[in-house]
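One structure is given below, encoded as structure tokens.
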2 protein chains.
Amino acid sequence: MAPERSKTKGTPRTRTEKVHHALRSAIIEQRLAPGVRLPEDTIGESFGTSRTIAREALGRLAVEGLVELIPNRGAFVANPSLEEGRGIFVVRRALERAMVLELAGRIESDIAARLHEMVAREAALASHNEAEAIRLAGEFHLTLAQLTGNPLLIRYVTETVSRCSLVLAMYGRPHSADCGAREHAAVVEALIAGNAEEAAELMDRHLADVASRALLPARAQKDIREVLSAYAKDIDLD
Amino acid sequence: MAPERSKTKGTPRTRTEKVHHALRSAIIEQRLAPGVRLPEDTIGESFGTSRTIAREALGRLAVEGLVELIPNRGAFVANPSLEEGRGIFVVRRALERAMVLELAGRIESDIAARLHEMVAREAALASHNEAEAIRLAGEFHLTLAQLTGNPLLIRYVTETVSRCSLVLAMYGRPHSADCGAREHAAVVEALIAGNAEEAAELMDRHLADVASRALLPARAQKDIREVLSAYAKDIDLD
DNA sequence: TCTCTGTTTATCGCATGCAATCTACCTCCA
DNA sequence: TGGAGGTAGATTGCATGCGATAAACAGAGA
């Protein structure tokens, strides 16, 4: 027989999981820049474990799309192209639209209070601490996902939020991620009121705005491929 | 600088990747039933590799949600509850809706011909070979995903289609997956005509129908938890 | 100076071994 | 008979070591 379901797989228990989560955080928080090389023994030494652990964690991050694994060459922090970045936002919008539709009208009053408090904190921090505000904004979306109780939706939203923040860090203009609090508040109101379609529309616009504000200009100097590919076409190496 | 992008990560090159893919196929094709235990050395022996390889593959499958990993206990084929099954369909509908919206009006004529041919083959097989028809139906959705050229969307649609077939195998009634050809054809027409919203609506209804026809009855005798949980609530073990 | 080629070195791919943990069974006692 | 406790076996968690691969470098020839 199958084992009983693990309740809510709390804090990671094995070293592999710990390193996995730690690396993910480091990537999402931009402590590890896109394209950076991630050698196994360096990671092992950093965390005080063997290469085995580092290796496993890297493999899992590769499945999540946060790391690129090249056989016999090693692992690198994912370095998505602008085009891929747009694609990720497309998926995220679809997912969060569905998420909001699921949630509308099903918010208990105590949950509503929690959401209100969350948005208020966002608004309060927006002007002071930008890094913290960005983190809170992401957490808002993750909290909503968890409220659906849909495991796959939770996983996908978590992944897309992670990767979107990576993309924004690469291509986004500074300050492009703020102004979220007011829009988040509007979504929360619509959710509580039970206006499903309105909530979905608000969320969709919110994310579309974030994406377009940040991603429209195709000049992202951090990725020279974007620049060079235009020139490469006109060159004949043979 | 970051390495150049791997073109289309062809066939898996490392053993880990090979085992990873092989296990995934086995699970999706129901060769490994949900809930089945997956011991590391058994897998290693089966593939002629060491436990290390099996272990890594299992870790990656766990990230994909196809395997459940329990610390110090081992790995098990995912055993989604009916409720999770419904959740997976919710996600799939959202993704395929977005997919269709991306595609509408952007179908080149040669692609249109390919889609027509595909749907025709589905229709032809529907009455004869059920297993093959089901496989073709899944392939239709995957083909559309690939046409978007959005790597993340492709991955997610692939994953959800896989898992939906797993769910249908667990909980679906026999014959619940057919009747797809006609609905697929309608979607294709709307796509080619460029009626984005109509195509999205058609696809959404199509999937909602499949889900509800198959999943509505909450009696799925393969999962005794569904049955027992109702009784468990009335029992006090202390 | 440029290119081609042989060598070096850093890193990965994978197997194996040992300690820790869980499961199952068996014994003992009420 | 039913349950508690303890022991043996199986299986995982993790570290380490060896062979293999590819990038980096150096030297020879043009």
Side-chain angles (χ1 to χ4, degrees), chain A residues 1-7 9-23 32 35-63 66-79 235-238, chain B residues 1-7 9-23 32 35-63 66-79 235-238:
Chain A
M1 181 51 209
E4 78 254 39
R5 195 149 301 269
S6 65
K7 331 295 174 188
K9 61 169 172 183
T11 47
R13 271 270 139 263
T14 71
R15 296 188 194 190
T16 298
E17 280 168 1
K18 287 178 193 167
V19 173
H20 178 190
H21 285 255
L23 280 177
L32 295 171
V36 160
R37 188 188 168 82
L38 300 171
E40 292 175 0
D41 15 7
T42 303
I43 294 171
E45 285 170 27
S46 305
F47 287 101
T49 73
S50 75
R51 287 194 308 127
T52 307
I53 306 301
R55 183 179 178 69
E56 257 183 85
L58 289 172
R60 298 187 189 186
L61 289 167
V63 173
L66 288 175
V67 154
E68 182 155 7
L69 231 47
I70 303 182
N72 283 316
R73 294 248 290 128
F76 302 82
V77 177
N79 204 353
I235 290 179
D236 193 3
L237 294 174
D238 300 314
Chain B
M1 186 49 210
E4 79 253 39
R5 193 150 303 268
S6 64
K7 331 294 174 192
K9 61 169 172 184
T11 47
R13 271 272 138 263
T14 71
R15 295 187 196 192
T16 299
E17 279 167 4
K18 286 178 193 167
V19 173
H20 178 191
H21 285 255
L23 280 178
L32 294 171
V36 159
R37 189 191 168 80
L38 300 171
E40 293 175 358
D41 12 2
T42 304
I43 295 172
E45 284 169 28
S46 305
F47 288 100
T49 73
S50 75
R51 285 195 308 125
T52 307
I53 306 300
R55 183 180 179 70
E56 256 183 86
L58 289 173
R60 298 185 190 186
L61 289 167
V63 174
L66 288 175
V67 153
E68 183 156 5
L69 230 48
I70 302 181
N72 283 317
R73 293 245 292 127
F76 302 82
V77 178
N79 201 357
I235 291 179
D236 194 3
L237 295 175
D238 301 314

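Order of the sequence lines fixes the chain letters, A, B, ..., with proteins taken first and strands second; residue numbering starts at 1 for each chain.
- In this structure, of C/dC18, C/dC12, C/dC14, it is C/dC14 that holds the atom nearest to the side chain of B/Thr16.
- Among the protein residues, A/Arg15 comes within range of the sugar-phosphate backbone only, with heavy atoms under 4.0 Å from sugar or phosphate atoms but none that close to a base.
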Fill in: Audit row: B/Thr52, B/Thr16, side-chain contact (heavy atoms from CB on, under 4.5 Å) steps and yes/no
CA-CA 9 Å; B/Thr52 307; B/Thr16 299; over 6 Å; no
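- Spacing between atom CD1 of B/Ile70 and atom C1' of C/dA20 amounts to 18 Å, rounded to whole angstrom units.
- Five base pairs at each end of the helix from C/dT1-D/dA30 to C/dA30-D/dT1 define two local axes, and these are offset by 10° (rounded to 10°).
- With rounding to the nearest 0.5 angstrom, the CG atom of A/Leu61 is 6.0 Å from the CG atom of A/Leu66.
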Practice prompt. Take B/Val77 and B/Glu68, measure what side-chain contact (heavy atoms from CB on, under 4.5 Å) needs, and give me the verdict at the end.
Written response: CA-CA 6 Å; B/Val77 178; B/Glu68 183 156 5; over 6 Å; no
Practice prompt. Step by step, work out the side-chain contact (heavy atoms from CB on, under 4.5 Å) result for A/Val63 and B/His20.
Written response: CA-CA 11 Å; A/Val63 173; B/His20 178 191; 4.2 Å; yes
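- One finds no salt bridge joining A/Arg13 and A/Glu17 here, because no Lys/Arg side-chain nitrogen approaches an Asp/Glu carboxylate oxygen to under 4.0 Å.
- Closest approach of A/Gly59 and A/Leu69 over heavy atoms only: CA-CD2, 4.0 Å.
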Fill in: Test log, rule side-chain contact (heavy atoms from CB on, under 4.5 Å), inputs B/Leu38 and B/Thr42
CA-CA 7 Å; B/Leu38 300 171; B/Thr42 304; over 6 Å; no
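- At a cut-off of 3.5 angstrom, the base of D/dT16 holds at least one donor-acceptor pair with the side chain of A/Thr52.
- One can place CZ of B/Arg55 at 16 Å from P of D/dT16, the figure rounded to the nearest angstrom.
- Note: CG (A/Leu69) to C1' (C/dC12) measures 10 Å, nearest angstrom.
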Sort me out a list of protein N/O and nucleotides 22-25 of chain D N/O pairs below 3.5 Å, or just none if empty.
{"residue": "D/dA23", "atom": "OP1", "partner": "A/Arg73", "partner atom": "NE", "Å": "3.1"}

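- Taking CZ of B/Phe76 as the start and CG of B/Leu58 as the end, the distance is 11.0 Å to the nearest 0.5 Å.
- Look at CZ on B/Phe47: it is 14 Å from P on C/dC14, rounded to the nearest Å.
- Looking at which nucleotide of DNA chain D each of B/Pro39 and A/Ser50 is closest to, the 5′-most match is held by B/Pro39.
- When rounded to the nearest whole Å, the span between CG of A/Asp41 and P of C/dT9 equals 17 Å.
- Whole-Å rounding puts the A/Lys18 NZ to D/dC14 P distance at 8 Å.
- Across the protein-nucleic acid pair, A/Arg13 atom CZ and C/dA20 atom C1' stand 14 Å apart, rounded to whole Å.
- Between A/Phe76 atom CZ and C/dT11 atom P there is a gap of 11 Å when expressed in whole angstrom units.
- Judged by atom type and distance alone, B/Arg51 reaches the base of C/dG17 through a side-chain donor-acceptor pair under 3.5 Å.
- Across B/Glu45, B/Glu40, B/Glu56, a single residue satisfies side-chain hydrogen bond (donor to acceptor under 3.5 Å, both in side chains) together with B/Arg51, and that is B/Glu40.
- The side chain of B/Arg37 approaches D/dT11 more closely than any other nucleotide in the set D/dT11, C/dC12, D/dA15.
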